[in-house]
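Heads up, the thing below is written out as structure tokens.
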Amino acid sequence: MSSDGGAVYVCIVVDVESIIATAAGEPAANALPAGDAASAKPQLIGSEAQIVVTTTARTVGEKLRGAEPAVLTVIAGAGDCVRIYAISGSNNFEGAALLAGMHPRDGDDVLGGFALVALEQPSVMPADAPLTLADDSSIEEFWFWEAPIVADGTQSCTALLALYGRDDHGQPSFAGLYRWDFSLTVKLTEPSEEPNEGGAS
């Protein structure tokens, strides 16, 4: 759980290898769209190929798999924000997932506009001894799509995902654009403190 009570973290874990294997032999987009990502025509990712985890104590924590349509329920205060990111089941070591865009759709306007943000925190690196940390911690950038929570209600959203495999030399190889559709239900409580910016300036 995050100690940051002003932010709701949503992690989309994608079974990239399974999706690429299923799509083998089908043409994939040659490149990410140069303009508005909303104009792309990504393929829909089904519930069997992803799992979503909310990682903040102020939310109704859910692991969503096999749910159609997916619904995330968030308990938050006005002024809180949602931070969403994606990763593959191998931690992007083999297949990789990149959250290329977030698009609110119909329903109640519970969120303000999404923006891509990079926040900095000292990294956590293991040392030689078990259960200890390295003496030197470098600063690491963490990327999220972030939107302020502005009202309660339910809003439909689309996550635009760029998936990558690996070529024979281990270099990332673009495998296509995909989308995951879900609904976000927000239940407002009292306003909370401003989100921790993680040391970002």
Side-chain angles (χ1 to χ4, degrees), residues 7-24 26-29 31-56 58-76 80-90 92 95-117 143-165 174-188:
V8 174
Y9 292 92
V10 178
C11 175
I12 305 172
V13 184
V14 184
D15 187 352
V16 175
E17 289 77 12
S18 173
I19 294 172
I20 292 176
T22 301
E26 298 181 3
L32 291 174
D36 182 9
S39 65
K41 296 181 179 179
Q43 300 178 61
L44 180 65
I45 292 180
S47 60
E48 75 283 353
Q50 53 74 31
I51 183 169
V52 176
V53 182
T54 58
T55 57
T56 303
R58 290 178 61 86
T59 71
V60 178
E62 300 178 46
K63 296 181 177 64
L64 299 181
R65 190 164 193 166
E68 290 288 359
V71 179
L72 294 175
T73 301
V74 172
I75 300 172
D80 288 359
C81 70
V82 174
R83 292 175 182 160
I84 303 179
Y85 64 104
I87 198 168
S88 74
S90 66
N92 286 352
L98 174 67
L99 186 56
M102 282 298 309
H103 305 290
R105 301 197 322 273
D106 52 347
D108 304 314
D109 293 328
V110 302
L111 300 175
F114 274 99
L116 184 62
V117 300
W143 290 87
F144 305 96
W145 282 92
E146 179 180 285
I149 295 172
V150 298
D152 56 8
T154 299
Q155 185 168 23
S156 298
C157 299
T158 290
L160 182 63
L161 297 154
L163 303 187
Y164 297 82
F174 181 65
L177 283 172
Y178 293 81
R179 81 175 199 268
W180 178 62
D181 298 333
F182 65 98
S183 293
L184 178 68
T185 296
V186 174
K187 299 179 180 180
L188 282 183

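Residues meeting the side-chain contact (heavy atoms from CB on, under 4.5 Å) test with Gln155, sequence neighbours left out: Pro104, Asp109, Val110, Leu111. Applying the side-chain contact (heavy atoms from CB on, under 4.5 Å) test to Ile87 and every residue at least two apart in sequence or in another chain returns Cys11, Val13, Asn91, Asn92. In this structure Phe144 satisfies the ring pair (Phe, Tyr, Trp, His ring centres under 6.0 Å) test together with Tyr9, Tyr85, sequence neighbours excluded. Partners of Ser90 according to the side-chain contact (heavy atoms from CB on, under 4.5 Å) rule, which considers only residues two or more places apart in sequence or in another chain, are Glu17, Ser88, Phe93, Glu94. With sequence neighbours excluded, no residue satisfies side chain to side chain donor-acceptor pair (under 3.5 Å) with Asp152. For the side chain to side chain donor-acceptor pair (under 3.5 Å) test, residues two or more places apart in sequence or in another chain that qualify with Thr185 are Thr154.
Among all heavy-atom pairs drawn from Val16 and Tyr164, the shortest one is CG1-O, 3.6 Å. Ala159 and Leu99 get closest at one heavy-atom pair: CB-CD1, 3.8 Å. Taking all atoms of both residues into account, the shortest heavy-atom contact from Cys157 to Arg105 is O-NH1, 3.0 Å. Between Leu161 and Ala86 the shortest heavy-atom distance is CD2-CB, 3.6 Å. In terms of heavy atoms, Leu116 sits closest to Trp143 at CG-CE3, 3.7 Å. For the pair Trp145 and Ala100, the tightest heavy-atom approach, listed with the atom from each and the gap, is CZ2-O, 3.4 Å.
Taking OG1 of Thr158 as the start and CG of Asp181 as the end, the distance is 4.0 Å to the nearest 0.5 Å.
Side-chain contact between Ile149 and Leu188 is present, with at least one heavy-atom pair separated by less than 4.5 Å. Contact annotation: the side chain of Ile84 approaches that of Phe114 to within less than 4.5 Å [non-hydrogen atoms, C-beta and beyond].
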